[in-house]
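Step one of this worksheet: look at the structure below.
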Amino acid sequence: MSLDSAGNSIATARALNTPTVTEFVGLIDLDDFFSFTAPGPGEVTARITGATSLGVGVEIIRDANSNGLIDAGESLGSTIGTTVLNDTLIGVVIPTAGTYFAHVVGKTTGSNYTLSLSVDGQTPFSGTPLSSIQPSPLASQFRRRILTKAVKV
Ligand SMILES: [Ca+2]
Ligand SMILES: [Ca+2]
């Protein structure tokens, strides 16, 4: 049994709640998928450090049609195929708030790696909960109801 903590597809992506994660890719597990939430439009930096073999790359994915597959145009930026040890992916444009995926790809020569993600230099994983940035439809309905009541009274 594998101790793989990050699934091999969008559907089994591991939700990141910290800006860095350390994992392994290699012959027994060539893909790791992580999901993260962007609070709004911006640019993502994805840095690989700690790799001990060449070819550990990362791509940022937006599953725009939510079908769990990486369709044409859904890879927003990639260092997959890199020949640089510990390559960094810079300036990946995030068009809108939402869930995005970081897909780490390894080679048959196994390697540990640490993935560090940031959005516009800010970490999306700490501070104010991202969900509070955009009020939910229920919350605004509730607010409208209170306002209506206040006007009537
Ligand atoms: Ca995996
Ligand atoms: Ca898709």
Side-chain angles (χ1 to χ4, degrees), residues 1-140:
M1 199 192 115
S2 162
L3 291 175
D4 188 21
S5 75
N8 301 342
S9 67
I10 286 175
T12 57
R14 168 178 165 188
L16 279 185
N17 50 22
T18 57
T20 65
V21 60
T22 298
E23 248 285 354
F24 169 91
V25 279
L27 183 59
I28 56 164
D29 180 24
L30 289 171
D31 300 89
D32 283 344
F33 282 79
F34 302 94
S35 65
F36 63 99
T37 307
E43 286 188 10
V44 167
T45 300
R47 190 180 306 270
I48 297 287
T49 54
T52 53
S53 70
L54 292 177
V56 178
V58 59
E59 68 178 330
I60 302 298
I61 297 160
R62 179 182 181 219
D63 186 14
N65 59 2
S66 301
N67 68 350
L69 303 172
I70 309 166
D71 298 295
E74 292 187 340
S75 178
L76 305 180
S78 172
T79 61
I80 293 171
T82 181
T83 54
V84 175
L85 187 65
N86 293 313
D87 210 352
T88 299
L89 181 59
I90 299 171
V92 179
V93 175
I94 294 283
T96 179
T99 300
Y100 293 83
F101 300 89
H103 175 205
V104 178
V105 178
K107 294 226 165 144
T108 51
T109 312
S111 176
N112 289 320
Y113 66 87
T114 297
L115 170 68
S116 306
L117 277 179
S118 62
V119 179
D120 279 341
Q122 303 289 316
T123 168
F125 308 103
S126 63
T128 313
L130 297 173
S131 57
S132 74
I133 291 171
Q134 292 199 326
S136 73
L138 271 180
S140 47

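Nothing fancy with the numbering, it's 1 onward along the sequence. In listed order, ligands and their atoms are each counted from 1.
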*Have a look at Asp71 and say which of its N, O or S atoms is nearest the Ca ion (ligand 2).*
OD2

*Using the six-membered ring wherever Trp is involved, compare the ring planes of Tyr113 and Phe34 and label them parallel, tilted or perpendicular (cut-offs 30° and 60°).*
perpendicular

*Take Thr114 and Thr22, measure what side-chain hydrogen bond (donor to acceptor under 3.5 Å, both in side chains) needs, and give me the verdict at the end.*
CA-CA 4 Å; Thr114 297; Thr22 298; 2.8 Å; yes

*For Arg47, does the CZ atom sit with more than 12 other heavy atoms under 6.0 Å from it, leaving out its own atoms?*
no

_How wide is the angle at the Ca ion (ligand 1) spanned by Asp29 OD1 and Asp4 OD2, rounded to 10 degrees?_
90°

*Derivation and outcome, side-chain contact (heavy atoms from CB on, under 4.5 Å), residues Tyr100 and Val119*: CA-CA 11 Å; Tyr100 293 83; Val119 179; over 6 Å; no

*Proximal heteroatom of Asp32 relative to the Ca ion (ligand 1) (N/O/S)*: OD1

*Measure across Arg62 and Pro95 and return the closest heavy-atom pair with its distance rounded to 0.1 Å.*
NH1-CG, 3.9 Å

_Counting backbone and side-chain atoms alike, is an N, O or S atom of Asp31 positioned under 3.0 Å from the Ca ion (ligand 1)?_
yes

*Please state whether the separation between the Ca ion (ligand 1) and some N/O/S atom of Ser5 is under 3.0 Å?*
no

*Closest approach to the Ca ion (ligand 2) by Asp63, given as the N, O or S atom name*: OD1

*asked:* With rounding to the nearest 0.5 angstrom, report the CD1 to CD distance, Ile60 to Glu74.
replied: 14.0 Å

*Confirm or rule out an N/O/S atom of Gly7, from backbone or side chain, lying less than 3.0 Å from the Ca ion (ligand 1).*
no

*After noting the C-alpha distance and the side-chain angles of Thr45 and Thr88, does the key distance pass the side-chain contact (heavy atoms from CB on, under 4.5 Å) rule?*
CA-CA 7 Å; Thr45 300; Thr88 299; 3.9 Å; yes

*Return yes when at least one N/O/S atom of Ser66 is nearer than 3.0 Å to the Ca ion (ligand 2), and no when none is.*
no

_Nearest 10°: the angle subtended at the Ca ion (ligand 2) by Asn67 OD1 and Glu74 OE2?_
150°

*Got a sec: is Leu69 within less than 3.0 Å of the Ca ion (ligand 2) via an N/O/S atom?*
yes

*At what distance, to the nearest 0.5 angstrom, does CG of Asn86 lie from OG1 of Thr79?*
10.5 Å

*Rounded to 10 degrees, the angle OD1 of Asn8 makes with O of Ala6 at the Ca ion (ligand 1)*: 100°

